[in-house]
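We name chains A, B, ... by the order of the sequence lines, and we start the count at 1 in each one.
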Amino acid sequence: MTKPVRTRIAPSPTGDPHVGTAYIALFNYVFAKKHGGSFILRIEDTDQARARSDSEGAIMKSLHWLGLSWDEGPDVGGPKGPYRQSERQTIYQEHAQILLDRGEAYRCFCTPERLGILREEQRQAKGRMGYDYRCRDLSSQESDRRAQEGEPFTIRLKMPKEGFSLMTDLLRGEVRRSYEELDDQVLLKSDGFPTYHLANVVDDHLMEITHVIRAEEWIPSTPKHIRLYEAFGWEAPVWIHMPLLRNPDKNKSKISKRKNPVSLLFYKEAGILPSALVNFLALMGFSFGEDVEKFTVEQMIEVFSFEKVSLGGPVFDLDKLNWINGLYMRDLSEEALLAEMEAIWLNRAYFAKLLPLVQNRIKNLNDFIDQTAFFFNVELSYDTPDGPLLLPKNRTPKEMGEALTEAAEAMDRMESWTIEAIEAALRTVAEEKNLKVKELFMPVRVAISGKKASPPLFESIEALGKERVRFRLRKAAEYVKTLQS
RNA sequence: GGUCCCGUCGUUCAACCGGUUAGGACAACGGCCUUUCACGCCGUCAACACGGGUUCGAAUCCCGUCGUGAUCACCA
């Protein structure tokens with residue numbers, strides 16, 4: 001009677017492909033394959049405000065790059081589609097209606113403004129947080145009337161007010177949670193889109209997901225999901241909450257782009273091989289056994305079991321990633337290595353892009369190498385003769401640290417990566433930080449090129465790409481703080 | 001702040017259901033190899049968060065404390 005194993009990765013297309021997505025995808029993939037099951041990709045694009053058009057494609061491309069391909073998904077189709085939540089609107093609305101009809105959910109006419117004020121009051125009072133149930137006991141007549149009159153509403157799940165919820169997590173055992181601290185979650189937003197909670201449960205059920213393998217940040221809301229399964233009368237999947245990847249800072253906070261490169265594109269552009277990155281990700285929480293650290297996904301599938309997964313939040317350690325990548329480099333034939341090099345920056349197209357930037361500056365053909373070296377590596381050293389120029393006269397390390405950090409974030413926010421847009425963004429940063437243009441541009445130049453003399457700044461930034469520019473600006477921000485003003 | 005997860009070297013992963021000089025790897029340091037560097041090899045440094053129990057015996061089981069983290073949205 002055991003059903004075929006089906007797992008899924010459900011990324012939200014709101015930004016660059018995230019290393020955490022790859023991490024969770026890996027374990028879903030491996031577990032499914034271990035049991036001869038299916039691995040599914042579902043795009044959770046129900047947040048129309050944060051969705052970014054280029055994101056979905058980039059996520060799929062990156063996952064394919066890592067070899068974590070799916071059996072069913074928006075691009076390959078499958079029997080349980082569509083696999084994009086934005087294309088499943090009516091399904092969610094129908095299911096919300098079912099809950100409404102059964103009295104398991106209710107319309108809520110509270111405005112975002114009122115809820116915001118409520119939240120603020122609760123914060124001040126340091127009391128219980130959460131919805132105050134104002135609309136929970138509206139009569140059905142009133143509820144129907146107001147809905148008919150066109151008053152905007154959301155649909156909330158009716159949670160029990162007492163007792164406790166019990167979740168059994170394969171890795172963590174039983175987790176109890178009192179219902180008193182769980183409020184009535186919004187299931188359907190006033191724009192008609194579902195929230196994660198509704199869409200996730202409905203889709204997991206309809207797509208016959210047997211094991212939900214997701215990050216530990218979901219543990220607190222799992223009782224709501226369990227309640228939803230109960231309300232629908234469905235069997236819940238097996239819950240497995242993986243630890244969260246962490247920053248290498250003092251506190252080991254959840255991995256974040258402010259402190260660590262989190263985009264898969266960064267690692268690709270930094271010359272990390274997909275096989276090495278996947279292997280490294282596997283090392284985060286999983287132990288192969290016998291002290292073996294280098295293994296392929298296929299080998300991991302052979303030996304995989306959740307008993308071999310540990311729960312401490314693993315720190316994403318670039319040093320070890322680079323070490324293991326070196327291992328994979330040495331395994332490659334010269335031919336294969338050459339192909340990998342051409343695939344990143346050592347190719348004609350990239351040379352052609354750089355050449356116009358330096359043509360006026362070179363006196364012989366070989367000067368090209370000197371002038372463009374910084375376009376071919378990842379991290380620069382600022383402990384150099386020009387390094388002190390990160391700090392203009394009369395500016396403090398703190399000021400410039402903040403300015404460079406802001407520059408990094410401004411670059412990250414850019415949607416269209418053009419020379420003009422880059423310049424505009426940096427000028428805005430200078431203005432916001434009350435810096436003269438040159439007080440920002442020289443440090444930025446040194447940050448991205450390592451030198452005070454470089455090809456044109458914005459063109460160089462454009463050619464380097466967002467990932468390395470961000471990385472260098474952040475590194476420079478750290479370095480400048482160590483300088484004396 | 002409430003709730004919940006977690007807690008072994010700086011980092012990562014071990015040490016089957018209690019009995020080990022607590023092990024491997026990355027990093028660091030030292031050495032060998034090498035014209036140099038790297039690779040490789042050898043070695044050194046380094047951890048059971050704390051306090052109570054249970055037990056002949058606790059990193060391992062229980063309780064408490066502390067600490068980190070996550071979460072408390074019409075985001076996922």
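Between the side chain of A/K320 and the base of B/A27 there is no donor-acceptor pair of N/O atoms closer than 3.5 Å. With hydrogens and angles left out, the side chain of A/R177 and the base of B/C4 share no donor-acceptor pair within 3.5 Å.
No side-chain heavy atom of A/T7 sits less than 4.5 Å from a side-chain heavy atom of A/I209. When side chains are defined from C-beta on, A/V303 does not count as touching A/K34, because their heavy atoms never get closer than 4.5 Å. Residues A/Y106 and A/K158 meet the side-chain proximity criterion, which asks for heavy atoms closer than 4.5 Å.
Distances shorter than 4.0 Å separate none of the side-chain N or O atoms of A/S12 from OP1 or OP2 on B/C75. Between A/S253 and B/G69, a side-chain N or O to OP1/OP2 separation shorter than 4.0 Å is absent. Between B/A38 and A/R330, no contact under 4.0 Å exists linking OP1 or OP2 to a side-chain N or O.
Taking OG of A/S38 as the reference point, atom NZ of A/K33 lies at 6.5 Å (rounded to 0.5 Å).
Distance check on atom C1': B/A47 versus B/A22 gives 9 Å, rounded to whole Å. Atom name P, nucleotides B/C37 and B/G31: the rounded distance is 11 Å, in whole Å. A distance of about 38 Å separates the P atoms of B/C74 and B/C62, rounded to the whole Å. Taking atom P in both B/U60 and B/G69, the straight-line distance is 25 Å, to the nearest Å. Spacing of P atoms, B/C61 relative to B/U8, comes out at 13 Å, to the nearest Å.
Counting non-hydrogen atoms under 4.0 angstrom, A/R42 reaches nothing in the nucleic acid. Nucleic acid contact class of A/E44 (heavy atoms, under 4.0 Å, all strands): sugar-phosphate only. Counting non-hydrogen atoms under 4.0 angstrom, A/P223 reaches nothing in the nucleic acid.
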